[in-house]
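Step one of this worksheet: look at the structure below.
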Amino acid sequence: MTDLLIQLNEPQREAVVNTSGPTMIIAGAGSGKTRALTYRIAYLLQQGADPFSILALTFTNKAAREMKERVMQLIGDSNGRSVWMGTFHSVFARILRAEGHHLGYPQNFTIYDSDDSKRLIKSILSELNLDPKAYNVSFVLHRISNAKSNLFSPIDYINSPEIQTADAAANKPLTGEIFRAYNARLKRSDAMDFDDLLYNTNLLFRDFPEVLHKYQHRFRYILVDEYQDTNHAQYFIIKRMAALHENITVVGDDAQSIYAFRGANIQNILNFKVDYPDHNLYRLEQNYRSTKTIVNAANGIIENNKDQIKKTVWTENEEGQLIGLLRATSDSEEGTLVANSIFGHKMSKQLPNKSFAILYRTNSQSRSIEEALRRQSIPYKIYGGLSFYSRKEVKDLLSYFRLVINPNDEEALLRVINYPVRGIGKTTIEKLQVVSNESNSSIMEIISNQDHRLKDINRGTLNKLGDFATMLKSFSVQMESKSAFDLAQHITNSIGIIAALKEEDSVESVSRIENIEELLNAIMEFSEREPVASELGEDGVPARSLAHFMQEVALLTDADKKDDDENADYVSLMTIHASKGLEFPYVFIVGLEENLFPSIQSLGSRAELEEERRLFYVALTRAQEKVTISYAESRYRWGSLTMSEPSRFIEEIDSKYLDMPRRVVPHKKAVMSQLPFSNSIQKGVENKFSDNANSSQEPFESSDIDSFQAGMVVEHQKFGKGKIIQMEGAGANRKATVFFNGIGQKQLLLKFAKLKIIGD
DNA sequence: GAAGCACTACTTTTT
DNA sequence: GTAGTGCTTC
């Protein structure tokens, strides 16, 4: 036990050992926030607290997993395992699986992701004959999500004069009706969206006191990480659950609140002292991560915000290097400057790639950076972006699994009823939806019962529908007896998805097949990792079953995927949002331009601008040794060239921490653009050259169309080196299928593609 | 009912 | 620039 405390500084130790009563830990960036929380849990366990009485809530699965691992390291495996540690969504989903029957939900309810939600809204719009342009799907979903996060039901929504006025002003007066229909359809599908996991948990605790008491008694200690990111629903549920023991500990940093756009309420952390007047307050202000330069520059930035809890973050670390500033004429040059700078640092200091991270405001910015890194042969890895689990083929197969587990899952059914193609077309599906709406029963029920209202569907089609239902039923039957992997493989083979993709025989279909294989591998791993099949999980779902796997997958994001190779050495690319909680020796923050960062959509209000500033604060404080920021004077956005000005955030950095632009790249052409007063016409001209100026001195010259042959090693201006897998066509239509390293297969029409032979 | 082609929105961030 | 949607044609 003394061992445990010896590794902590004074305020951290205080925050760990005072385990009773409401506690707020305000922790600056890099001050050991997670450490304090982890040690507090470990300390509780050492003091003899029952692991089953501890609930720790985090914002991401990754944070929960890491915390669990660290607790288990500190106090040994057995006790740590039983602590409930997870995201709000996963913990509440678990409670709802066990208790949802009170609200009329089966244990096997489906969790819709935002993709499912959007599809559902789209189909409701067309049923209500509303113009999908007037009622933008994202807007509607955002409104609904906000309402649920604030615990508004559709009725509350429709009855709220403020909301109705706002919707009328936005020319979308029927949003409430869409909300009502949307919720009804979710219910009919035995499905909940992300926000329902919170909304329904609150409903459960509000309307079923005996259920609330059960969890109130059980969770003697409740700990919440990243409290500044909680929304109203989360806040309210925690408060209710903690009401009996009031042993609630929240950890957070108001300066790192970056999720207000999706309902996080910074007031929750500011109001903690009002909710619990007798609370203990601990401040962790010593930063162990970054240099003095970084800490002070970041402090200076955040001072521009009005809404904040005053605190003084300081560090004993050394002064360190100044913040670098790279100025580029175009987004592609920005990529080059960053890649060259990384290359330079690597060489002069003998650093591995994993010392570097490149952070950006939006995912779309990664492209120009990637191209530059590829040209410099610097390995990199992108975090976030299109998730593995949201790829079409993966979702298609997962939809079959979902349908096996929950036949009422309408979004899953609509996805796969005619994929792979089985002759059930749009007209038939529309007829089914009409009957489904009339009878308020799911499409699967209607098909299975050969409902008499289907009489105007012809016999051939009816048979096809029957076959589809029978096939799915046969899968469901096997759920009890087969392991997740065996069943998944059986389904994959039976539906013929691989055969359909092979038939297609395109470049994409090859990688789709690979993705399906990867999904099956993941299920195999899961089957091996999980305990014996006969054991029942706490929520009554058979372990190792497909249902169990699907429950885990529903709340996973790519950020939660384990690294393929722990020792792999690559530069990390991610959005600033995704970087929260991480640290890197060298950090590049790119695209510091007005309208991009801060985002154009944040310029409307002070609150939103302050959130962007906190985002910049988060980005800066990821760095241990050195920060380099960059901006481009022009950038391709929406496919066309736009001019941009340096971000106001650059000016907010105290100049004494800033290294003024200087020569960074050895190329003559690039140097000119570093000169502060070079005029824009010159820059425009240069820009044209800078694209191919990096990999070779000569202009890129394509080889003769007829000389290409399968097996040759070639170089593409954009994609780099690759190998020709296949050639087809002749003359102007001659096409090559090329596999590029790190990119994958591409089909190139040689007439257009700039392709050079570099070896046989 | 299916395949091919043209159009258009997309770029904020995520459980 | 691209991916996804919707329209048209067979």
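These numbers come from a predicted model, not from an experiment. Chain letters run A, B, ... following the sequence lines, proteins first and then strands; every chain starts at 1.
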Is the shortest distance from a Lys or Arg side-chain nitrogen in A:D331 or A:R367 to a carboxylate oxygen in the other one below 4.0 Å?
no
On the nucleotide B:dT15, are OP1 or OP2 found under 4.0 Å from the side-chain N or O atoms that A:S114 carries?
no
Taking 4.0 angstrom as the limit, do A:E610 and A:R606 come out as a salt bridge?
yes
Which nucleotide, C:dT5, B:dA2, B:dT13, lies nearest any side-chain atom of A:V421?
B:dA2
For the side chain of A:R637 and the base of B:dT11, is some donor closer than 3.5 Å to an acceptor across the two?
no
Could you state the atom-to-atom distance from CG of A:N146 to C1' of B:dT14 in whole Å?
14 Å
Do you know which two heavy atoms are closest between A:I302 and A:A255, and how far apart they sit?
CG1-CB, 4.0 Å
Nearest to the side chain of A:S364, heavy atoms from C-beta on, is which of C:dT5, B:dT11, B:dT15?
B:dT11
Does B:dA2 have its OP1 or OP2 closer than 4.0 Å to a side-chain nitrogen or oxygen of A:N418?
yes
A:F88 stacking on B:dT15: centroids under 5.5 Å, ring planes under 30°?
no
If you compare every side-chain N and O of A:N136 against the phosphate oxygens of B:dC10 (OP1, OP2), does one of them come in below 4.0 Å?
yes
Mapping A:S599 and A:D195 onto DNA chain B by nearest heavy atom, which one lands closer to the 5' end?
A:S599
Strictly below 4.0 Å: does A:S602 bring a side-chain N or O up to OP1 or OP2 of B:dT13?
no
Side chain of A:T87, heavy atoms from C-beta onward: which of C:dG1, B:dT15, B:dT14 has the nearest atom to it?
B:dT15
Whether the A:D195 and A:S145 side chains hold a donor-acceptor pair (N or O, under 3.5 Å, no angle test) is what I'd like checked.
yes
Counting only side-chain nitrogens and oxygens, does A:N363 get under 4.0 Å of the OP1 or OP2 atom of B:dT13?
yes
Please figure out whether A:L615 or A:K426 has its closest DNA chain B nucleotide nearer the 5' end.
A:K426
How would you label the contact of A:F59 with the nucleic acid (heavy atoms, under 4.0 Å): base, sugar-phosphate, or nothing?
sugar-phosphate
Would you please confirm or rule out a distance under 4.0 Å between OP1 or OP2 of B:dG1 and any side-chain N or O of A:T427?
yes
Can you check whether A:D409 reaches A:E411 side chain to side chain, under 4.5 Å on heavy atoms?
yes
